[in-house]
Amino acid sequence: MRSHFALLVVLLSLLASGTALAAGDVQTHPATTDFVVGDRSAVNETPTNGTTIQITPRANGDAHWNVSMDFSLHDENETEAFKRLGRDFKQGDSSVGFSAETFRDIAKREQAETGREMKIRSVNRDYTVSNETGMLTLSFIWTNFTRVNGDKIYLGDAFLLDDGESTWFRSLSANQNLFIHSPDEYEIQNSNFGHNNGTITLSGPMTIRSPTGGGRFIRVTYAEDSRPVEQSTPLLAYIAGFVVLVGIVGAGVYAFTQRDGDGPGTDSEHTDEEPIPSTTPDPNPEPEDDEPNLELLSDEERVEHLLKRNGGRMKQATIVKETNWSNAKVSQLLSAMSDSDRIDKLRIGRENLITLPGEDVTDFDDE
């Protein structure tokens with residue numbers, strides 16, 4: 001059995017102690033936090049609002065750590081004192097707040113215990129002041145913190161010491177919380193603790209025992225998330241439904257514009273210029289004396305037949321009556337025939353006079 005690891009591997013030297021904030025120096029105080037600015041002194045009996053540790057494993061075996069401590073700031077003196085402390089902490093003062101070196105020592109020992117190469121990298125130290133609260137935050141990446149085997153990730157052995165007989169993470173004090181999040185696209189398959197939405201939450205005070213100590217030890221197994229993707233199918237359904245809707249609406253509009261005689265009446269003076277597709281004139285029209293089969297004629301040919309039968313000219317309203325077509329359809333049809341020089345249109349009063357090309361309209365009698 002390897003020799004017991006020294007107390008240097010205690011998680012954080014400040015987790016169970018306060019921090020003194022003074023105008024000129026910073027020192028550790030076991031029970032209180034003293035704020036001294038000039039001749040004013042304020043004592044906060046509760047050193048911190050709480051300490052929070054968040055561990056987020058990754059699929060490659062690394063884990064992102066975020067360790068933060070909150071301080072209550074009751075007045076401007078305490079706020080300014082904390083800002084000085086925060087600047088020292090951010091610049092790397094090892095005597096202030098959390099130390100990345102503590103975790104480096106632990107990782108060095110756990111590398112020997114687990115056989116995985118471990119490093120503490122991407123270290124970031126920062127502080128914030130907001131809503132009468134100051135926060136010191138240490139974040140870093142702990143490489144190979146978990147063991148990866150196929151599609152499984154195992155968390156727990158990096159907490160063990162002495163061949164699994166003890167653990168360096170032994171307890172959480174009051175106002176201390178530990179959150180262990182699931183890796184992206186993984187779910188918890190097995191755990192010694194309960195979880196909610198993939199996050200294990202442990203709150204102090206509590207003791208975390210080793211496997212041989214009879215208590216519950218932090219041990220979690222993650223597996224690749226087997227739940228189906230819920231967004232892709234509805235999205236495709238929405239797209240397909242939209243395409244079908246557009247097709248139905250388009251077909252309805254087309255059918256409405258093509259149907260005969262059941263559309264609403266339209267004043268011809270507002271619709272004379274509405275174009276519709278024209279058809280090629282019949283190169284061999286029926287003789288005037290012969291009565292053709294109207295069902296075999298195109299709309300344009302039927303109009304020409306009516307004009308020939310009525311001396312080459314008719315009122316537009318008469319054409320509507322004779323054909324039993326809607327005002328809108330007749331107006332569009334006559335406009336298209338006029339554009340192709342198959343008829344002539346002449347506005348007389350409130351009526352349109354429709355004639356075959358070259359027809360004399362000087363003797364037209366507006367009844």
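In this text, all values refer to a predicted model and were calculated from it rather than measured experimentally.
Applying the side chain to side chain donor-acceptor pair (under 3.5 Å) test to Lys83 and every residue at least two apart in sequence or in another chain returns nothing. Every residue two or more places apart in sequence or in another chain that forms a side chain to side chain donor-acceptor pair (under 3.5 Å) with Asn60 is listed here: Asp62. Partners of Asp151 under the side chain to side chain contact (heavy atoms under 4.5 Å, CB included) rule, at least two apart in sequence or in another chain, are Glu224. Every ring pair (Phe, Tyr, Trp, His ring centres under 6.0 Å) that Phe145 has, sequence neighbours left out, goes to Trp65, Trp142, Phe159. With sequence neighbours excluded, the residues forming a side chain to side chain contact (heavy atoms under 4.5 Å, CB included) with Asn149 are Arg147, Tyr154, listed by chain and number. With sequence neighbours excluded, the residues forming a side chain to side chain contact (heavy atoms under 4.5 Å, CB included) with Asn124 are Asp126, Ser139, listed by chain and number.
One hydrophobic cluster holds both Val148 and Leu155 under the rule that ILVMFWY side chains link at heavy-atom gaps under 4.5 Å. Placement of Ile55 and Val123 within a single hydrophobic cluster is found when ILVMFWY residues are connected by side-chain heavy-atom separations under 4.5 Å, directly or transitively. A continuous path of hydrophobic side-chain contacts links Phe89 to Val129 [ILVMFWY only; heavy atoms under 4.5 Å]. Taking hydrophobic clusters as Ile, Leu, Val, Met, Phe, Trp and Tyr residues chained together by side-chain heavy-atom distances below 4.5 Å, Phe193 shares a cluster with Ile153. Clustering ILVMFWY residues whenever any of their side-chain heavy atoms sit less than 4.5 angstrom apart, transitively, puts Met135 in a cluster other than the one holding Leu138.
When side chains are defined from C-beta on, Phe179 does not count as touching Thr56, because their heavy atoms never get closer than 4.5 Å. Contact check for Leu202 versus Ile218: side-chain heavy atoms found under the 4.5 Å cut-off. A heavy-atom distance below 4.5 Å is not found between the side chains of Arg309 and Glu304. A 4.5 Å side-chain heavy-atom check between Ile106 and Ile120 finds every atom pair outside the cut-off. In this structure, Ile53 and Asn66 have side chains that are not in contact, with every pair of non-hydrogen atoms separated by 4.5 Å or more. Between Arg116 and Asp157 there is a side-chain heavy-atom pair separated by less than 4.5 Å. Glu132 places none of its side-chain heavy atoms less than 4.5 Å from the side chain of Phe71. A 4.5 Å side-chain heavy-atom check between Ser122 and Phe140 finds every atom pair outside the cut-off.
Between the side chain of Thr318 and the backbone N or O of Met314 there is no donor-acceptor pair closer than 3.5 Å. Checked by atom type and distance alone, the side chain of Ser338 never pairs as donor or acceptor with a backbone atom of Lys345 at under 3.5 Å. Between the side chain of Ser326 and the main chain of Lys329, a donor-acceptor pair closer than 3.5 Å is present. For the pair Glu78 (side chain) and His74 (backbone), a donor-acceptor distance under 3.5 Å is present. In this structure, Ser331 contributes its side chain and Ala328 its backbone to no donor-acceptor pair below 3.5 Å. A distance-only check finds no donor-acceptor pair linking the side chain of Gln111 to the backbone of Lys108 [under 3.5 Å]. Judged purely by atom type and a 3.5 angstrom limit, Asp225 has no side-chain atom pairing as donor or acceptor with the backbone of Glu187. In terms of modelled atom types and a separation under 3.5 Å, the side chain of Glu351 and the main chain of Lys315 share no donor-acceptor contact. Counting only distance, with no hydrogens or angles, the side chain of Thr114 and the backbone of Glu110 share a donor-acceptor pair below 3.5 Å. Judged by distance alone, with hydrogens and angles left aside, the side-chain atoms of Ser182 form a donor-acceptor pair with the main-chain N or O of Gly198 at under 3.5 Å.
Inspection of the Thr199 and His181 side chains reveals an N or O donor paired with an N or O acceptor under 3.5 Å. The closest side-chain donor-acceptor pair between Asn352 and Gln316 falls under 3.5 angstrom.
Here the shortest heavy-atom pairing between Leu296 and Glu301 reads O-OE1, 4.3 Å. Of all heavy-atom pairs between Leu160 and Glu113, the closest is O-CG, 4.2 Å.
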From CA spacing to verdict: side-chain contact (heavy atoms from CB on, under 4.5 Å), Ile200, Ile188: CA-CA 10 Å; Ile200 297 171; Ile188 295 177; 4.1 Å; yes
Check the pair Gln54, Asn177 against side-chain contact (heavy atoms from CB on, under 4.5 Å), reporting the backbone distance first and the verdict last. CA-CA 8 Å; Gln54 299 194 62; Asn177 299 283; over 6 Å; no
Could you go step by step and tell me if Tyr127 and Arg87 meet the side-chain contact (heavy atoms from CB on, under 4.5 Å) rule? CA-CA 7 Å; Tyr127 76 98; Arg87 287 192 291 269; 3.4 Å; yes
Test side-chain contact (heavy atoms from CB on, under 4.5 Å) on Ile354 and Leu307 and set out the steps. CA-CA 8 Å; Ile354 310 301; Leu307 289 171; 4.1 Å; yes
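The structure places CG of Asn310 at 10.0 Å from CG of Leu356, a figure rounded to the nearest 0.5 Å. Here CG of Leu346 is found 11.0 Å from CZ of Arg313. Values are rounded to the nearest 0.5 Å. Atom CD of residue Glu117 and atom OG1 of residue Thr143 lie 6.5 Å apart, to the nearest 0.5 angstrom. Atoms CD1 and CG, on Ile343 and Asp339 in that order, are 9.0 Å from each other to the nearest 0.5 Å.
A salt bridge does not link Arg58 to Asp184: none of the charged side-chain nitrogens sits closer than 4.0 Å to a carboxylate oxygen.
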